[in-house]
> 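Below is the structure I would like to discuss, written out as structure tokens.
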There are 2 protein chains.
Amino acid sequence: MSGPSRPTIYAVAKVAGVSISSVSRALNGNTSNLDMVARVKAAAEQVGYVPSAVAQSLTTQQTGQVAFAMEDIGNAAYLAMVREIQPRLREVGYRLLLHATGADVQDEIEVVESLAQKYVDGLILCPIRVTSRHIAALRDPAVPVVVIGQLPDEVAVDNVRTDSRLGARLAVEHLHAGGARRIAFVNGPADTIPGQARYAGYQDGLRTCGLGLDDTLVEFADFQVGAGRDAAARLLARSDLDAIFGANDLIALGAMHALRSAGRSIPDDVQVVGMDDTTLAETSFPPLTSVSLGSRERGRIAADMLLGRLRAEANVPQRVTVAPSLTVRESTREVTG
Amino acid sequence: MSGPSRPTIYAVAKVAGVSISSVSRALNGNTSNLDMVARVKAAAEQVGYVPSAVAQSLTTQQTGQVAFAMEDIGNAAYLAMVREIQPRLREVGYRLLLHATGADVQDEIEVVESLAQKYVDGLILCPIRVTSRHIAALRDPAVPVVVIGQLPDEVAVDNVRTDSRLGARLAVEHLHAGGARRIAFVNGPADTIPGQARYAGYQDGLRTCGLGLDDTLVEFADFQVGAGRDAAARLLARSDLDAIFGANDLIALGAMHALRSAGRSIPDDVQVVGMDDTTLAETSFPPLTSVSLGSRERGRIAADMLLGRLRAEANVPQRVTVAPSLTVRESTREVTG
DNA sequence: TTGAAAGCGGTACCAC
DNA sequence: GTGGTACCGCTTTCAA
């Protein structure tokens, strides 16, 4: 016995002794007859009527839902975005739908293509990579899309980005200002957009500081603690160094573990800087200096951008860039003067 | 100019030269005429047809969506659940909708009541508290609900829980086995279900270990790092202690910070145990021994339970309890023998 | 097998 | 102001 089907608008109309049109109007505030409104509301209350979201969607052509798609909600940067996005959507009555694509490009593209099913009114997408198929799917999305991340200029889509290359440079310059001269870099995978940008920024920083690039000071790792620790251990084994820049906070945290195991003190012997400025950076010991790429802010902006697009159509694509900034904590030396 | 409205099933029917009934059948595999199927699919492809999820929902009375409601996705325990739930749902074609209630009981109840709108096929709910209004709302939910957490026996709802009281006792016993005799406890807020259960478990542990309850060894804090640190600092200032049990990993992490600031070594001077066994426990220094309450497993079970309910209705409510377990790391002393 | 038509549960236009 | 009705886009029953 499937549950008793909920009362529909017809039940309310019957009890109130009016037409369904009147019920609809009364409940949606499209009538001036207060008496009617009262009668209908009483009837609705009596039968326990709640309008069907699906039926409303079919007629209004709006779902009241927005999707957020990223690689993995476990990633602190995306988590930070969700925490900004969800309340904003909720505030104006939108529900949030979560897509974790698991770094699968195919999945990511399917998400965009599935938009044609119209189960959401809009999408915020964080692509890990941008392929030609992405671009094709993004050419004429069924609903408004906001992309968080780098995007070729020719793609006409709302876009909020950051400059992780500049962020990496800031990290190096900060370490240099703190007295470091042999600044190691534990990068993420070299074949990813973030990996490439951060590596370029690392080199930028060395250059502006008048330091040369020393390949023995560079290592690669997954964006994970364990990998960061191992990579840092390799660096310590082969090179003299007085600072480590980790391509994200997890890597930097791993590096701190390696340093501690090697008996090096932080920041006196070796300074450490991470990237993403996640809560991990605050809670680590010592608290980790980290380059903020404004995840929260990007999430907030993306949400606002999408909501704006949802209420007013047909505008030129927007693009906002959030500047990276340094959050100095105790894993680096104070710069005096 | 609002975007060109997508082609409907009528467009396909027209191109294929058949009725919409046939299109529907062909696309849903409810026909044996292979020729028809081919023709329809070709036509669909040609016009770029994608069925409307909303229209399908209206006729099938199913949305293909499931909601997960918890306090805050930023909480590592809930995060762990989401990461288990989402892939499971996705695998069988369900989309995940996220509700963060922000510890607002009112919001939580509204989530349950909003189920009558039928925008999802089911709900997984993690209540922070269970009020009489919860119980009332849960009495006859519009769609199947699975509750993760404690629930009065009289509430006939699918339920997966853990035994955090037993978990707390395990923590105390482990510390005692490691040689601790003055075991402090930094609890969460006393007026929450988790707070009460853990406090009871703490006392259970003391009892089984033959230790007396000493109020000066008990402090309260939010479930946050900063609060945990401050609470631990208060304890250190007034009491002699050789172990600290934090009611969750964040509190325990805060306690470790306080200990470090006070110059106490971990675990030699003071052992520390946390609870929830989050990734923070793995990445802290030293890695934190923590009581696992099986968040991932509970998430997995809840998802499976809901999916089961979604395919076969009308069964008695299920209840599963996940046993807590201890994950021993380096913040406590090895127990030999 | 295939098509016509009746809903699914609402909204909104259009007469009255 | 109010009710009748077409329609949103699809699934499914029922005849032919």
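In the text below, chain A, chain B and the rest are named by the order of the sequence lines, each starting its count at 1.
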> For B/I9 and D/dC8, give me the distance from atom CD1 to atom P, rounded to whole Å.
14 Å
> Given atom NZ of A/K14 and atom C1' of C/dG9, what is their separation to the nearest angstrom?
17 Å
> Let me know, please, whether A/T8 or B/V18 comes out on the 5' side of the other along DNA chain C by nearest nucleotide.
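Its nucleotide being nearer the 5' end, the pick is B/V18.
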> Indicate whether OP1 or OP2 belonging to D/dG3 is found under 4.0 Å from a side-chain N or O atom of A/S22.
yes
> Measure across B/A303 and B/R88 and return the closest heavy-atom pair with its distance rounded to 0.1 Å.
CB-CD, 3.9 Å
> Counting distance alone, no hydrogens or angles: does the base of C/dG9 have a donor or acceptor under 3.5 Å from a partner atom on the side chain of A/R6?
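By the distance-only test, no, there is no pair.
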> Can you measure A/R39 atom CZ to D/dG1 atom P for me and round it to whole angstrom units?
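From A/R39 CZ to D/dG1 P: 15 Å.
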> Can you identify which nucleotide, out of C/dG7, D/dT2, C/dT11, has its nearest atom closest to the B/T59 side chain?
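Minimum distance to the B/T59 side chain belongs to C/dG7.
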> Is the phosphate of D/dT11, meaning OP1 or OP2, less than 4.0 Å from a side-chain N or O of B/S24?
yes
> Can you measure A/Y10 atom OH to C/dG10 atom C1' for me and round it to whole angstrom units?
8 Å
> Within less than 4.0 Å of OP1 or OP2 of C/dG10, is there a side-chain N or O belonging to A/S52?
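No, A/S52 has no side-chain N/O under 4.0 Å of OP1/OP2 on C/dG10.
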> Pairing donors with acceptors under 3.5 angstrom, does anything connect the side chains of B/Y119 and A/S57?
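Looking only at side-chain atoms, A/S57 and B/Y119 do not form any donor-acceptor pair under 3.5 Å.
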> Please report the closest heavy-atom contact between A/A26 and A/V37, naming both atoms and the distance.
CB-CA, 4.0 Å
> Does A/S21 make a side-chain donor-acceptor contact with the base of C/dA12, cut-off 3.5 Å?
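Side chain to base: pair present.
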> Please classify the nucleic acid contact of A/V50 as base, sugar-phosphate, or nothing, using heavy-atom distances under 4.0 Å.
sugar-phosphate
> Expressed in angstrom and rounded to an integer, what is the separation of B/N33 atom CG from C/dT2 atom C1'?
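Checked: the CG to C1' distance equals 9 Å.
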> What is the distance, to the nearest angstrom, from the CG atom on B/N30 to the C1' atom on D/dT12?
9 Å
> Of all the heavy-atom pairs spanning B/I193 and B/R129, show the shortest one and how long it is.
CG1-CA, 4.3 Å
> Could you please name the option among D/dT11, C/dT11, C/dG9 that lies closest to any side-chain atom of A/L58?
C/dG9
> Looking only at side-chain N and O atoms, does B/Q56 come under 4.0 Å of OP1 or OP2 in D/dT11?
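The answer is yes; a side-chain N or O of B/Q56 sits under 4.0 Å from OP1 or OP2.
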> Is the phosphate of C/dG9, meaning OP1 or OP2, less than 4.0 Å from a side-chain N or O of B/Q61?
yes
> Do A/D140 and B/R6 meet the salt-bridge criterion of a basic N to acidic O distance under 4.0 Å?
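Here B/R6 pairs with A/D140 in a salt bridge, since their nearest N and O are under 4.0 Å apart.
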> Give one of base, sugar-phosphate or nothing for B/S32, where a contact means two heavy atoms less than 4.0 Å apart.
sugar-phosphate
> When the distance from CD of A/Q117 to C1' of D/dG9 is rounded to whole Å, what number comes out?
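Computing the A/Q117:CD to D/dG9:C1' distance gives 13 Å.
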> Would you mind telling me which of D/dG3, C/dG9, C/dT2 lies closest to the side-chain atoms of A/M36?
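Of D/dG3, C/dG9, C/dT2, D/dG3 is nearest to the side chain of A/M36.
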> When the nearest nucleotide of DNA chain C is assigned to A/T60 and to B/S19 on a heavy-atom basis, which residue is associated with the more 5' position?
B/S19
> Round to the nearest Å and state the distance from A/L27 atom CG to D/dT2 atom P.
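Result: 14 Å.
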> Any non-hydrogen side-chain atom of B/Y78 less than 4.5 Å from a side-chain atom of B/S295?
no
